[in-house]
K.L.:
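Got a structure here, written out as structure tokens. Questions coming.
Sequential numbering from 1 along the given sequence is applied to the chain's residues. All values below were derived from every heavy atom in this structure, side-chain atoms included, with hydrogens, water molecules and symmetry-related copies excluded.
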Amino acid sequence: TGRVNRRDDAPPSLMAQRIIAPGNLEQRAPEIVLGLPAAFPAEMLESLKSILADFPGESPVRIRLAGGKMFDLGQEGRVDVEKALGPLRIAFGMNAVSII
């Protein structure tokens, strides 16, 4: 909870009065976001399918296409983040793979 401070001579600011962290942060599996160009070659898709099949796990994988569209790969698109991170970065580049 908090309070918004609005003055004519300054931009609005937020003052936090109470912050409560969610209790289940340790239970949440990290999510992998893979940034790909809007028109990516079939070889990229085959590489992704292979990595997903080789490293199944609990972490969801989402694809963010250039232009902002986001796709969730569903249950079949879940990987073991510790094992799949390296192969994903090798296949798609360090900057294309992020963990949230």
Side-chain angles (χ1 to χ4, degrees):
T1 60
R3 204 175 57 170
V4 175
N5 184 9
R6 292 186 207 177
R7 297 160 105 192
D8 291 337
D9 59 339
S13 62
L14 177 67
M15 178 178 285
Q17 293 173 328
R18 186 173 78 169
I19 299 173
I20 300 172
N24 64 349
L25 288 177
E26 300 84 31
Q27 298 171 359
R28 181 184 166 271
E31 183 177 308
I32 296 176
V33 177
L34 182 60
L36 296 177
F40 56 89
E43 296 83 33
M44 278 186 157
L45 182 59
E46 291 306 315
S47 293
L48 179 58
K49 285 180 182 180
S50 175
I51 293 168
L52 294 175
D54 290 345
F55 305 105
E58 296 298 316
S59 293
V61 176
R62 292 181 183 223
I63 296 176
R64 181 180 54 238
L65 295 178
K69 288 193 177 189
M70 187 83 91
F71 297 93
D72 188 345
L73 298 181
Q75 283 299 112
E76 294 79 29
R78 293 182 176 265
V79 295
D80 181 329
V81 71
E82 292 180 16
K83 294 178 181 175
L85 187 59
L88 284 169
R89 286 187 169 158
I90 290 169
F92 301 102
M94 289 291 289
N95 295 333
V97 182
S98 58
I99 300 173
I100 56 172

K.L.:
Considering only distance and modelled atom types, tabulate donor-acceptor pairs under 3.5 Å from the side chains of residues 44-68, sequence neighbours left out.
P.N.:
unit_1	atom_1	unit_2	atom_2	d
Ser47	OG	Glu43	O	3.1
Ser59	OG	Pro30	O	2.9
Arg62	NE	Glu31	OE2	3.0

K.L.:
Which heavy atom of Pro37 sits nearest a heavy atom of Phe40, and at what distance?
P.N.:
O-CD2, 3.3 Å

K.L.:
Return yes when atom CD1 of Ile19 has more than 12 non-hydrogen atoms of other residues, nucleotides or ligands closer than 6.0 Å, and no otherwise.
P.N.:
no

K.L.:
Give me the other members of the hydrophobic cluster that Met94 sits in, counting Ile, Leu, Val, Met, Phe, Trp and Tyr linked by side-chain heavy atoms under 4.5 Å, directly or via other members.
P.N.:
none

K.L.:
Under a single-linkage rule joining Ile, Leu, Val, Met, Phe, Trp and Tyr whose side-chain heavy atoms are separated by less than 4.5 Å, which residues share a cluster with Ile100?
P.N.:
Val33, Met70

K.L.:
Rounded at 0.5 Å granularity, tell me how far CG in Leu34 sits from CG in Leu88.
P.N.:
6.5 Å

K.L.:
Under the rule for salt bridge (charged side-chain N to carboxylate O under 4.0 Å, His left out), what residues qualify as partners of Glu82, not counting sequence neighbours?
P.N.:
none

K.L.:
Under the rule for side-chain hydrogen bond (donor to acceptor under 3.5 Å, both in side chains), what residues qualify as partners of Gln17, not counting sequence neighbours?
P.N.:
none

K.L.:
Does one hydrophobic cluster hold both Val81 and Ile90, with members joined at side-chain heavy-atom distances below 4.5 Å?
P.N.:
no

K.L.:
Linking Ile, Leu, Val, Met, Phe, Trp and Tyr through side-chain heavy atoms less than 4.5 Å apart, which residues share a cluster with Val4?
P.N.:
Leu14

